[in-house]
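Just below is one structure, and these are the notes that go with it.
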Amino acid sequence: MMHSVVIITRNRRPELLRLLDALRRQSDPPGEVVIVDAGDAPLRSNEVREELPFLLIILPTAPGIAEQRNRGLDEARGDIITFMDDDAVPDTGYFATVNSVFQRDAGKEIAAAGGTLQTSLSVPLPERLFRTVFLLQTDRGRNCFRGSGFPDFNVRENDDRAAKILPSTALSFRREAVNGLRIDPSRFSGAPLGLSTGRCFGEDAWFTAMLS
C-alpha cells in the first residue's frame, strides 16, 4: 500500500525542513512526499542534506491554498494520501499507526483518519473564540458541522447526522474516496470579501465534510 504525503507551504523553510526531518525519522516512512511550494524562493532538493527514505517531489507554484491542495492531490500517486501542515512534527510512529488503521480495514469502510493534535503554544481566549466562530480547527479535531456552518459541540460524536471535521494538520484518506473531489478555489481565495491573500482558511473543514 503506497502512502503519499502532500505538504503545501509558503515561505516557511525552517518549519518545512523540520517536518522533512520528522518524516525521515518515521518507523514506517511514506513512499513519497509531494511539496507544493508557493514561496518566493521555493525549496530545492539539494537543500535537504540528509538522505531521505522516500521520493521527494517539489512543485513550485503560485500561492493559493485551494489550488495548492488540488495540485498535490493530482500529483500524489499513493493509495493513501496524507495532508500534513508544514509546521507539524509527527511522532516517529505516526505513519505506522495510520497505515495499520487502513490495512486492518479490509472492507474499506474508513475514508479518512486523523490523529490527536498537541500544540506547544498556549492559545489566548480571543484566538480560541475567533477559531470557533470561523470554523478553524482547534485541539483534538472533534468539531462538527451544522446547517449554519458553525461547529456544533452538542452533537455526540457517534451521531451520523453530523459531518466530522479532521484538521489538515494531519489528515489521511484513501485516494479512491476523493476521486473527483477537488477544493473549489473560488470558495477559499478571499475573492468574495475583496481580499486576495492566497491563504484563506477553512478548506480542510470543507474537504472533510465533503468526504463525510
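All values below come from the heavy atoms of this structure, side chains included, with hydrogens, waters and symmetry mates left out.
A side-chain donor-acceptor contact under 3.5 Å links R174 to the backbone of I110. In terms of modelled atom types and a separation under 3.5 Å, the side chain of E32 and the main chain of R77 share a donor-acceptor contact. For the pair Q68 (side chain) and V36 (backbone), a donor-acceptor distance under 3.5 Å is present. When atom types are taken as modelled, the side chain of N11 and the backbone of D40 share a donor-acceptor pair closer than 3.5 angstrom. A donor-acceptor pair is defined here as one N or O able to donate and one able to accept, closer than 3.5 Å; no such pair exists between the side chain of D37 and the backbone of P60. Not a single donor-acceptor pair under 3.5 Å links the side chain of R69 to the backbone N or O of I7.
Looking at L19 and P90, their side chains come closer than 4.5 Å, going by heavy atoms from C-beta outward. The shortest distance between side-chain heavy atoms of R182 and D74 falls below 4.5 Å. Looking only at side-chain heavy atoms (C-beta outward), T97 and D91 stay at 4.5 Å or farther from each other. Side-chain contact check for T61 versus I8: every heavy-atom pair is 4.5 Å or farther apart. In this structure, R24 and P53 have side chains that are in contact, with non-hydrogen atoms separated by less than 4.5 Å. The side-chain heavy atoms of L73 and F83, taken from C-beta on, include a pair separated by under 4.5 Å. Taking the side chain as every heavy atom from C-beta outward, L56 and L20 approach each other to under 4.5 Å.
Rounding to the nearest 0.5 Å places OG1 of T82 at 8.0 Å from CG of N99. Considering CG of L181 and CZ of F207, their distance stands at 4.5 Å, rounded to 0.5 Å. With rounding to the nearest 0.5 angstrom, the CZ atom of R71 is 4.5 Å from the CG atom of L59. How far CG of L43 is from OG1 of T9: 8.5 Å, rounded to the nearest 0.5 Å. Atom CD1 in I81 sits 9.5 Å away from atom CE in M2 (nearest 0.5 Å). I35 CD1 to L16 CG: the interatomic distance, rounded to the nearest 0.5 Å, is 4.5 Å.
Considering all non-hydrogen atoms of both residues, P30 and F54 come closest at O-CB, 3.1 Å. When every heavy atom of A112 is checked against every heavy atom of L211, the shortest pair comes out as CB-CD1, 3.9 Å. Between M84 and A88, the shortest heavy-atom contact is CG-CB, 4.0 Å. Pairing each heavy atom of Y94 with each of Q26, the nearest pair is N-OE1, 3.3 Å. Contact detail for E67 and P185: the closest heavy-atom pair is OE2-CB, 3.5 Å. When all heavy atoms of F102 and A111 are compared, the pair lying nearest together is CE2-O, 4.2 Å.
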- Task: Take R18 and D21 through the salt bridge (charged side-chain N to carboxylate O under 4.0 Å, His left out) test and state the conclusion after the steps.
- Result: CA-CA 5 Å; R18 182 183 63 185; D21 185 60; over 6 Å; no
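No continuous path of hydrophobic side-chain contacts links V89 to L52 [ILVMFWY only; heavy atoms under 4.5 Å].
Every pair passing ring-ring contact (aromatic ring centres under 6.0 Å, His included) that includes a residue from residues 2-23 is listed here, sequence neighbours excluded: H3-F95.
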